[in-house]
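What follows is one structure encoded as structure tokens, with my remarks underneath.
Residue numbers begin at 1 in each chain, while the letters A, B, ... track the order of the sequences. Atoms considered below: every heavy atom in the structure, side chains included; atoms not considered: hydrogens, waters and symmetry mates. Everything numeric in this text was worked out from a predicted model, so none of it was measured.
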Amino acid sequence: MSRSPLFLAKNVSKRFGGVRALNGVTISVERGSLTLLMGPNGSGKTTFIQVASGLLAPEEGRLFFEGRDITPYPPHLRFKLGITSTFQTPRLFPSLSVIENVLLAAQGDRGFLGSLRGDEEEVVERAFEVLRTLSLDGVWDRPASALSGGQMKLLELARALVSEPKLLLLDEPLAGVNPALAGEIMSRLTKACRELGVTVLMVEHRLDIALKHADHAYVMHNGSVIAQGAPEEVVENPEVARAYLGE
Amino acid sequence: MLDVLVGALVYSNLLALLAIGLSLMLLTCRVSNFAHGDVVTTGLYAAYTASVLLRVSPYACIPFALLAGGLVSLLSFLLVFDPLRRAGGGPVTLMVASMAVGIIIRYSLHAYADVMQRTLGVYTRQFVLSDFELQLAGLRVPGVLPLSSLTAAVLLVSLYVLLYRTRLGVAMRAAIENPQLAESLGIDVKRVFAIGWFLSGALAGAAGVFLPFRVISDPDVGWSMLLPAFASVVVGGIGSLAGSVAGAYVVGFSELLLSYLLATLGVSTAYRPLISFAAIVATLLLRPKGLSSLWSR
Amino acid sequence: MRGVEVLSFLVSTAVLYSVYLILASSMEIEYGELGLPSFAKAAFFALGAFAVGALTVRLGALLTGVALEGEFKLVSYRYATLISASVARNPALGLALFAVPLLVALPLAVLMGLAASYPALRLREDHLAIALIAFSESVRVVARNYEPLVGGTFGAGVVDFLAWLRSPWKELALLAVALAMGFGAWLVEYRISTSPLGRVLRAVRDDEVAAQAYGKDVARLRAQILALGSAMAAVAGVLYAFYAGTVNPDDFTVSRTFIVVLMVVVGGRGNPFGPPVGAAVYLLLDRGITLVKHYIPVPFDVNYLSYILMGLLLILLLLKRPGGIVPERPLLTLRRALPQRGSAAAPQQRGAEGGGPAGT
Ligand SMILES: Nc1ncnc2c1ncn2[C@@H]1O[C@H](COP(=O)(O)OP(=O)(O)OP(=O)(O)O)[C@@H](O)[C@H]1O
Ligand SMILES: [Mg+2]
């Protein structure tokens, strides 16, 4: 190993009562890459994303970001360091408008007095740009609660993109988005990330769309990583096929 | 000392009658019902009025209190809490609504007390009722002790039987567990909940009958029992019916015994309410599951 | 003579309005915007009033060289009158007696607000509300029994800090002070609500976890808002005590908190105009009934009717118009950044405008 990965989770375990959702998981994400995290339902992917973003605390294991041990960091500090995560089922702020949802994510915590000031011209500009990228600019002033399911998914993604993170943790960003749009989004997303130098760790079932953009892939099953490597090779792995077929 | 024990037992009996209703309402509608103390007062004035009109002991008028408390509680469910619950009101919104319901009941009773005093010519504020005394195992005890214990025991056991030994009880527990599922199984959830609310109110109303034998009563008296009753629910473990009954006796006895002990050290008994207030805060912060954590994990 | 009566009625209504406007504004920030049921409002309100009740007589006696003799609860009213007479000759004394309780109450309220944010992080919202109500009642129980504080159930006398002014001027001065404090508090609330901070507060209210994931320090925010809200309530308490001329612990019951919540809900949670509207509706009902009470022929005290009507109003609104009289609107926080509105065209229009930040 010549240079350290951008993000490294080492031996992470997380339990929910009797369920071992994560069982000594080690995953590393190289700087500038798009890493895919796959696995059948209930294999622990969402749990891993939430442990990485700080919303869940692991019982064991450590997390490193840019070489720094971030295990004890609460979510907002991880965000500040440059880690943004999305939710599998969008968790929008329903009473805020679409643009306000995006603006909220565009800035970290500006503190009490900082956020009392209304000078956000530049951020508003950036927020509209992201909305345009995702074709949400037509509904910018609607309350988030009035969006369709697909639009909610897109808004979740818009919030993540606007924060311009170093590491983006995406939990099934394409699920529920219609196929034509999904391909489009994936292309735009990878383009935007390349341009901005954003590293992506993405949970996705829709391999037809996601696989060709990925640089590296991990497969989880029952809380453990069962395979990793180049995406094309991983999907050929017989053990992976067995996991998906449910044995 | 005997007085303290008698007081503690009577007080706990009444708390138990309140607390179990509070729990039932929490389970059915997720509402911390701040009107429940005023339902107690409703029972009090119903029984008092009946006893003046019929010239019998208030103890003989417990059925009126049951009915009045039950009806007020049922109405509040049908007119306020059920619609709000369906409209997706959160627990704090429901709590605020219950405060409004409590205010309406309390000040209606204030108005009623004025009217009653005028028309019936009896004291309706700052009054106590005189109790009979009983020889029990060589000790003289006030009648409210055996009667409130008996009432609490009968009502609580009946409620237990109803909830755990009848089809209605099964339906009610199913509706509490999962309203959607119960509905799809053909249970009329609203009707079942309405019965639960009537019973909760009836128990509270019955508790009201005994109050004027122990404390100086007026239209605010039930309200002052509300926080101790919440303390019982919290100490017993929120969501556990058996817990709230146990909590009532723990809170009732701690309040009286502790304040008695402190009084011997020269601390005024006027600080007594602090015991249950502190119990609420401490339990919620330190042991949110309360006593129920002793028997369920 | 009628003129004086009308003036004092108007002044007392306006002062009460200001007191409630401060309380409702603080509740709006905490409960309406942040979604935090800070139902110990009465206790923080009491804190300000207690500072006045406990301090003006004692401090006034100290400054004028009068020795306090006798139990505080028995003599505070007498000394309050005595010291007010000194204030009549010495305006500076009056100002000092106004300022010191305020300066004592504010830091205390901030500390207590910070303390209250500890359970706020750990408890479900309805449990938090119950815990805060229990705390609030504890404060009242202690105050009504610990007589050296503000005289227990006897209450405490308050020095008239405006005794150096003569009749219409005195009332007008009180009016000015009250309105300045009331609208000052409301402006704070308005500013927060319409700024990016308001957006953050409402986001935390909508979904705390998502707000954390998008970088908001929810714990710090709660502590700051509770500290601010508690300080505002204490200011209201100071004003109220000077207005009432006496401080009585039993004035600070759960019902007081409830009335403030009622104003916020009736006015409209999440809308900065909710508090002024809600407080006005409450006072209109309350004062209106006092005005016409001699003409309402009911066989009981008419004041009960105002409580009943208030309860009915709240429930009707919750059922028929849960957003309140002026419901919350999205886009509130973009007023300054987006001077021109209009759906899809807005981004382009904005590009054309390109102006610097308005306001500040
Ligand atoms: N909050 C929770 N409480 C209890 N169990 C949980 C919780 N969250 C997840 N689990 C369990 O942990 C395991 C892993 O769940 P997780 O959501 O991480 O899977 P996933 O790989 O994201 O699945 P999917 O593809 O369906 O999204 C599952 O068995 C799930 O039931
Ligand atoms: Mg998942």
Against chain C, label A:Q50 side chain, backbone, both or neither, depending on which of its atoms sit under 4.5 Å from a heavy atom there. neither
Atom group of C:A219 that falls short of 4.5 Å from chain A, counting heavy atoms: neither
Side chain to side chain contact (heavy atoms under 4.5 Å, CB included) evaluation trace for C:V204 with A:F93: CA-CA 8 Å; C:V204 172; A:F93 305 112; over 6 Å; no
Yes or no on side chain to side chain contact (heavy atoms under 4.5 Å, CB included) for A:L104 and C:K216, after CA distance, side-chain angles and deciding distance? CA-CA 9 Å; A:L104 194 100; C:K216 308 305 177 222; 3.8 Å; yes
With a 4.5 angstrom heavy-atom cut-off, could you sort out which part of C:Q212 is near chain A: side chain, backbone, both or neither? both
Are C:R220 and A:D109 side-chain neighbours, meaning at least one heavy-atom pair lies under 4.5 Å? yes
Per-residue tally against chain C (heavy atom, under 4.5 Å) across A:S53, A:G54, A:S85, A:S163 peaks at A:S85
Looking only at the side chains, is there a donor atom on one of C:R199 and A:S115 sitting less than 3.5 Å from an acceptor on the other? no
Closest non-hydrogen atom pair, A:F87 against C:A213: CZ-CB, 3.7 Å
Are C:V200 and A:R110 close enough that some pair of their side-chain heavy atoms sits under 4.5 Å apart? no
Taking side chain as everything from C-beta outward and backbone as N, CA, C, O, which of these in A:L92 sits under 4.5 Å from a heavy atom of chain C? Side chain, backbone, both or neither. backbone
Is there a side-chain contact between A:F112 and C:L228 in this structure, where contact means two heavy atoms from C-beta onward sitting under 4.5 Å apart? yes
Max heavy-atom pairs within cutoff under 4.5 Å with chain C, candidates A:A106, A:P74, A:S95, goes to A:S95
Chain C contact via A:L55 - side chain, backbone, both or neither, heavy atoms under 4.5 Å: side chain
When you compare the side chain of A:T86 with that of C:Y214, does any pair of heavy atoms fall below 4.5 Å? yes
Taking A:I83, A:L103, A:T84, A:N101 one by one, which has the highest count of heavy-atom pairs under 4.5 Å against chain C? A:L103
When you measure from the side chain of A:K80 to the backbone of C:G215, do you find a donor-acceptor pair of N or O atoms at a distance under 3.5 Å? no
